Structures are given as C-alpha cells and as structure tokens.
Q: 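Sharing a structure, written as structure tokens. Questions coming.
Keep in mind the model is a prediction, meaning the values are calculated, not measured. Quick note: numbers below take in every heavy atom, side chains included, and nothing from hydrogens, waters or symmetry partners.
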Amino acid sequence: MICFDAAMALLKQHVAALGSETVALEDAAGRILAEDLVAGLASPRITVSAMDGYAVTEAGLEPDRALRIAGEARPGKAFEARLAPGEAVRIFTGAPLPDGADSVIMQEYAQRDGETVKFAKGYGPARHVRIAGSDFAKGDVLLAKGTQLGPKALVAAAAGDSGWVQVGSRPRVALLATGDELTDPGRARAEPNAIPDSISPALAALVQTGGGSVVARHRAQDDLPALERLAGELLGTADLIVVTGGASVGERDFAKPMFAAHGLELVFDKVAIKPGKPVWLGRVGPSTVLGLPGNPTSAMVTARLFLLPLLALLQGGSGDHHWRAMPLALDLPETGDRETFARASWEEDGLRPLGNQDSGVQGGLVRADWLIRCPPGQAKRVAGETVRAIRF
C-alpha cells in the first residue's frame with residue numbers, strides 16, 4: 001500500500017495524452033488546449049473610446065469654450081476625416097478614436113447646443129481612451145498549452161480571433177459497476193435484496209465534467225467468465241475503463257481478475273487514504289483501468305482525487321490538484337494512520353466538516369463541496385486554524 005502522493009506520481013508517470021484534434025471554439029468548452037493559443041489580432045485592434053462622450057484634442061481645450069461638432073463615431077463606424085482644431089466628434093464606447101483626437105470627454109460634462117458643445121470644469125485629467133494593443137498584441141500567447149477552456153478562457157480565445165482551437169482528444173470512457181446486489185435506480189424497491197446503483201450516474205456526470213465521453217455503461221454480476229468477456233469488449237472501445245466494486249480480496253471480488261486474462265499490469269494497488277483505500281490503477285495495452293471502491297461515497301472521493309486528474313492527463317493537462325489554504329469554522333477531529341480526506345461544506349465563517357464522515361453516507365454528499373486534506377496522525381484542528389482543501 002502506497003501513500004497518496006506516490007500514487008499520484010505513478011498516475012502521471014503512466015498516463016499520457018491521447019492526441020489532439022481541431023474543434024470549433026463554440027464546441028470547445030471544457031476541453032484542454034493541446035498547443036499555445038496565440039492572438040490573431042491585437043486588443044483593442046485600434047485605439048477606441050472607453051466612454052460615451054466627445055472626442056477632442058486636449059491641447060488648447062478649456063472649460064466653457066465652444067467646439068464645433070464635426071461628426072459622429074460609433075463602434076464599427078469611424079469618423080473618416082481628421083479632427084481639426086476647435087472641433088469635437090460625438091463618440092460612443094468602443095468607437096474608433098478619430099485621427100487627430102487624443103481624449104474623450106464624458107458626456108456628463110458636455111453641454112450641447114445645436115452643432116456646438118462646451119465642457120464643464122472637472123472633465124479631466126482622465127483621457128478615457130483604450131490604446132491599440134493595450135490589452136494584448138497580435139502574436140501574444142493568450143492561453144498556454146494545457147489550459148482548460150472555461151468561460152473566462154473562452155473570452156480570451158474569442159477576443160484573439162480564434163474560431164478553431166487545437167485541443168486534446170476527448171477520452172472514451174467505459175463505466176462498469178459490479179455487484180450482484182445492484183439494480184437500476186427506481187427498481188430496487190421491488191426486489192428485497194437489491195440496492196440502487198447510485199454511483200454510475202454520478203460518475204457519468206463527472207466524466208462529462210472532466211471532458212471525457214461516456215461510450216459504454218454496464219452493470220454486471222459477480223461472474224468471472226462473464227466479466228472477462230465484458231472486459232475484452234470494453235478494452236476494444238475505451239481509452240479508460242472505470243470499474244466500481246470488486247476491489248477487495250474476497251472470493252467474489254473480480255475487478256482485477258477480470259482484466260488479468262487480458263494482460264493487466266498494475267500501476268498501484270491500494271492507497272493509504274481514508275476513504276478509498278481499495279482504489280487501484282492498471283494498464284491493459286493502450287487502455288487505462290481505474291478501479292474505485294464499491295461504496296458510493298468512497299467512489300466519489302477517489303473519483304475526485306484520481307479520475308479527474310486522469311482525464312486531464314489523457315487530454316494533455318497537468319493533472320495537478322490545486323489545494324487552497326482555508327479556515328476552519330468547526331473543529332476537525334484527529335486522524336488515524338491513513339491520510340484522510342474529510343468532507344466539508346463552506347459557510348461564511350469557513351469550512352464546516354460534516355459530522356458524519358462514514359464512507360456509507362450518501363445523503364450527506366449533497367452538502368459536501370470541499371475535501372480537506374489531513375495528513376496521517378494529524379492532531380485535532382480547532383476552529384480558526386487553516387487547512388488545505390480542494391473543491392469536491
């Protein structure tokens with residue numbers, strides 16, 4: 001059994017990017033850049049007004065001096081002539097600054113009278129102009145390779161005039177829940193010994209969040225020959241297979257044996273964490289197999305810790321966890337000999353560890369939006385102290 005950091009190091013060592021593809025920017029949300037994204041034009045492309053008002057030449061301008069209004073400039077429609085001394089141009093936010101102008105006076109200071117305008121005291125010294133290239137220049141790297149294209153990154157990509165982007169290929173993921181007791185949610189009440197398969201829908205949603213594509217979803221009973229056949233089918237269609245359950249050493253725990261006949265090479269087997277000790281990782285040819293505990297809460301914690309980084313690595317991302325220093329609002333009990341990831345909710349006064357940290361709790365998952373990382377043998381932490389956490 002290895003520690004969490006060692007397991008993460010092995011995961012990064014054995015999982016490589018699948019390749020890349022070009023997609024339209026409108027379809028790129030959540031994808032990971034396979035190359036640096038370079039600006040195709042500057043922002044602003046030309047010098048523009050930052051306010052509604054009047055474009056003027058500041059030299060010689062005085063309060064209450066009347067200027068002739070020579071025309072108008074709007075976004076996408078420039079004032080074509082050169083601004084002459086004693087003239088002003090009515091201008092709107094984002095419009096090109098006329099040739100010869102160097103300032104924009106806000107309309108709140110303007111007193112227009114027909115075709116002339118005067119300006120009240122206090123209109124300066126701000127110039128209210130966005131200089132061409134002041135945000136970024138043509139050729140600048142806007143987004144580095146490995147960046148996940150969230151909403152704010154998409155703004156930058158579009159601003160740089162990128163209609164198409166090179167992103168990591170979307171991993172094909174197969175989900176397999178094992179266990180004789182599992183059945184479809186909604187049907188368990190009709191079968192006395194059945195348990196709803198509550199983890200598969202959640203994992204499918206998590207895969208989509210992580211940029212993967214669920215190509216197969218199966219639920220299988222603990223029958224080794226049948227599982228071996230199913231494993232062969234999945235290996236031919238998926239880059240990543242996620243198996244839940246069957247990871248212990250019981251007579252009917254077949255998660256690893258079902259892949260052994262196909263040449264399974266274990267990367268790691270069991271990690272000294274709580275919850276989620278049975279988590280394992282293996283390779284079968286070009287495919288990666290991630291084994292998660294059958295307990296839904298343990299499966300969700302280990303999926304956050306291992307599945308999301310794995311999906312990122314397959315798409316060319318770093319796979320790093322971004323731990324944040326955060327205050328505790330409630331005391332955090334001491335931990336045992338395994339590294340513990342305590343589920344917590346965020347309130348205005350800080351992180352509140354859930355009162356019931358049992359790995360069988362499912363209803364409480366909805367309140368857990370953070371995981372607190374607790375080293376082995378950590379002493380009790382009290383409210384007000386700082387801990388490290390990631391979003392859950």
Side-chain angles (χ1 to χ4, degrees), residues 1-2 7 10-11 14-15 171-185 187-188 190-204 206-207 212 214-273 275-303 305-307 310-311 314 359-360 362:
M1 189 160 57
I2 61 175
L10 286 171
L11 187 147
H14 287 84
V15 177
R172 301 169 301 164
V173 183
L175 302 177
L176 173 58
T178 66
D180 294 340
E181 74 280 11
L182 298 179
T183 190
D184 291 330
R187 295 182 57 184
E191 303 174 30
N193 298 312
I195 296 175
D197 174 13
S198 59
I199 188 59
S200 293
L203 289 179
L206 198 63
V207 167
V214 178
V215 296
R217 286 175 62 172
H218 292 275
R219 190 163 42 252
Q221 294 186 328
D222 298 321
D223 178 337
L224 183 55
L227 287 170
E228 287 178 341
R229 290 191 296 271
L230 180 56
E233 295 172 9
L234 297 179
L235 288 167
T237 61
D239 305 302
L240 170 63
I241 303 171
V242 182
V243 186
T244 55
S248 296
V249 293
E251 294 180 356
R252 299 181 66 78
D253 289 316
F254 299 135
K256 291 186 283 291
M258 68 185 286
F259 291 97
H262 304 281
L264 174 67
E265 297 179 2
L266 282 173
V267 175
F268 59 76
D269 182 17
K270 293 186 174 58
V271 181
I273 59 174
K277 181 177 73 172
V279 66
W280 59 277
L281 183 74
R283 299 279 300 175
V284 182
S287 299
T288 302
V289 185
L290 176 65
L292 303 179
N295 185 299
T297 298
S298 297
M300 286 301 293
V301 171
T302 48
L305 296 175
F306 295 100
L307 175 56
L310 201 162
L311 288 168
L314 288 171
S359 59
Q362 297 183 65

Q: So do L203 and T244 actually touch side chain to side chain, heavy atoms under 4.5 Å?
A: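 T244 reaches L203 side chain to side chain.
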Q: Looking only at heavy atoms, what is the nearest atom pair of L227 and M258, with distance?
A: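 Distance-wise, the nearest heavy atoms are O-CE, 3.3 Å.
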Q: Report the C-alpha separation of K256 and L266 in whole Å, then their side-chain angles, then the decisive distance to 0.1 Å, and conclude whether the side chain to side chain contact (heavy atoms under 4.5 Å, CB included) test is met.
A: CA-CA 9 Å; K256 291 186 283 291; L266 282 173; 3.8 Å; yes
Q: Between L310 and T288, does a side chain to side chain contact (heavy atoms under 4.5 Å, CB included) hold up when you go through it step by step?
A: CA-CA 9 Å; L310 201 162; T288 302; 4.0 Å; yes
Q: Hey, could you give me the CD1/CG distance between I273 and L305, rounded to the nearest 0.5 Å?
A: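 Those atoms lie 5.5 Å apart.
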Q: Using side chain to side chain contact (heavy atoms under 4.5 Å, CB included), reason through W280 and L264 one step at a time and then give a plain yes or no.
A: CA-CA 12 Å; W280 59 277; L264 174 67; 4.2 Å; yes
Q: Does the side chain of I241 come within less than 4.5 Å of L290's, by heavy atoms?
A: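 The answer is no; the side chains never approach within 4.5 Å.
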Q: Which distance, rounded to the nearest 0.5 Å, do you find between the CD of E265 and the CZ of R283?
A: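 That separation rounds to 9.0 Å.
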Q: Does some side-chain heavy atom of P286 sit less than 4.5 Å from a side-chain heavy atom of D239?
A: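 Sidechains of P286 and D239: no contact.
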Q: Between S200 and D197, is there a donor-acceptor pair closer than 3.5 Å when you use the side chain of the first and the backbone of the second?
A: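 Here the side-chain-to-backbone pair does not exist.
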Q: Quick one: list whatever passes ring-ring contact (aromatic ring centres under 6.0 Å, His included) with F259, sequence neighbours left out.
A: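 If we apply the ring-ring contact (aromatic ring centres under 6.0 Å, His included) test to F259, skipping adjacent residues, there are no hits.
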Q: What are the two closest non-hydrogen atoms of P275 and T302, and how far apart are they?
A: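 Reported closest heavy-atom pair: O-CG2, 4.2 Å.
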Q: For a quick test of reading the model, state the closest non-hydrogen atom pair linking A303 to L292 and the distance between them.
A: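 The pair with the smallest heavy-atom distance is CB-CD1, 4.1 Å.
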Q: So L281 and V289, do their side chains get closer than 4.5 Å, heavy atoms only?
A: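 The answer is no; the side chains never approach within 4.5 Å.
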Q: Which of these, V271, V267, V15, sits in a side chain to side chain contact (heavy atoms under 4.5 Å, CB included) with L10?
A: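 Of the listed residues V271, V267, V15, the side chain to side chain contact (heavy atoms under 4.5 Å, CB included) partner of L10 is V267.
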Q: Tell me the closest heavy-atom pair linking L230 and A220, and the distance in Å.
A: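 For L230 versus A220, the nearest heavy atoms are CD2-CB, 4.1 Å.
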Q: Less than 4.5 Å apart, any side-chain heavy atom of L307 and any of L206?
A: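 Result yes, sub-4.5 Å side-chain heavy-atom pair found.
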Q: Quick one about Q362 and S198 (side-chain donor to acceptor, distance below 3.5 Å, no hydrogens or angles considered), yes or no?
A: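 Per modelled atom types, S198 and Q362 side chains form a pair under 3.5 Å.
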Q: To check you understand the geometry: which heavy-atom pair defines the closest contact between V243 and A255, and what is its length?
A: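 Smallest heavy-atom distance, with atoms named: CG1-CB, 4.0 Å.
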Q: State the CD-CD distance between Q221 and E181, to the nearest 0.5 angstrom.
A: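 Rounded to the nearest 0.5 Å, the CD-CD separation comes to 9.5 Å.
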Q: Would you indicate whether the side-chain heavy atoms of L240 and V207 approach each other to under 4.5 Å?
A: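 With C-beta onward as the side chain, the pair stays apart.
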Q: Does D180 use its side chain to pair, donor to acceptor, with the backbone of D222 at less than 3.5 Å?
A: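 Checked: pair present.
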Q: Can you name the closest pair of heavy atoms from P257 and E228 and give their distance?
A: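 Shortest heavy-atom separation between P257 and E228 comes out as O-OE2, 4.1 Å.
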Q: Hey, are the side chains of L11 and H14 touching, using non-hydrogen atoms and a 4.5 Å cut-off?
A: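 They are not in contact (no side-chain heavy atoms under 4.5 Å apart), so the answer is no.
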Q: Given F254 and T178, is the side chain to side chain contact (heavy atoms under 4.5 Å, CB included) satisfied, shown in steps?
A: CA-CA 8 Å; F254 299 135; T178 66; over 6 Å; no
Q: Let me know which of H218, H262, R172 forms a side chain to side chain contact (heavy atoms under 4.5 Å, CB included) with L234.
A: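 Testing L234 for a side chain to side chain contact (heavy atoms under 4.5 Å, CB included) against H218, H262, R172 leaves exactly one candidate, H218.
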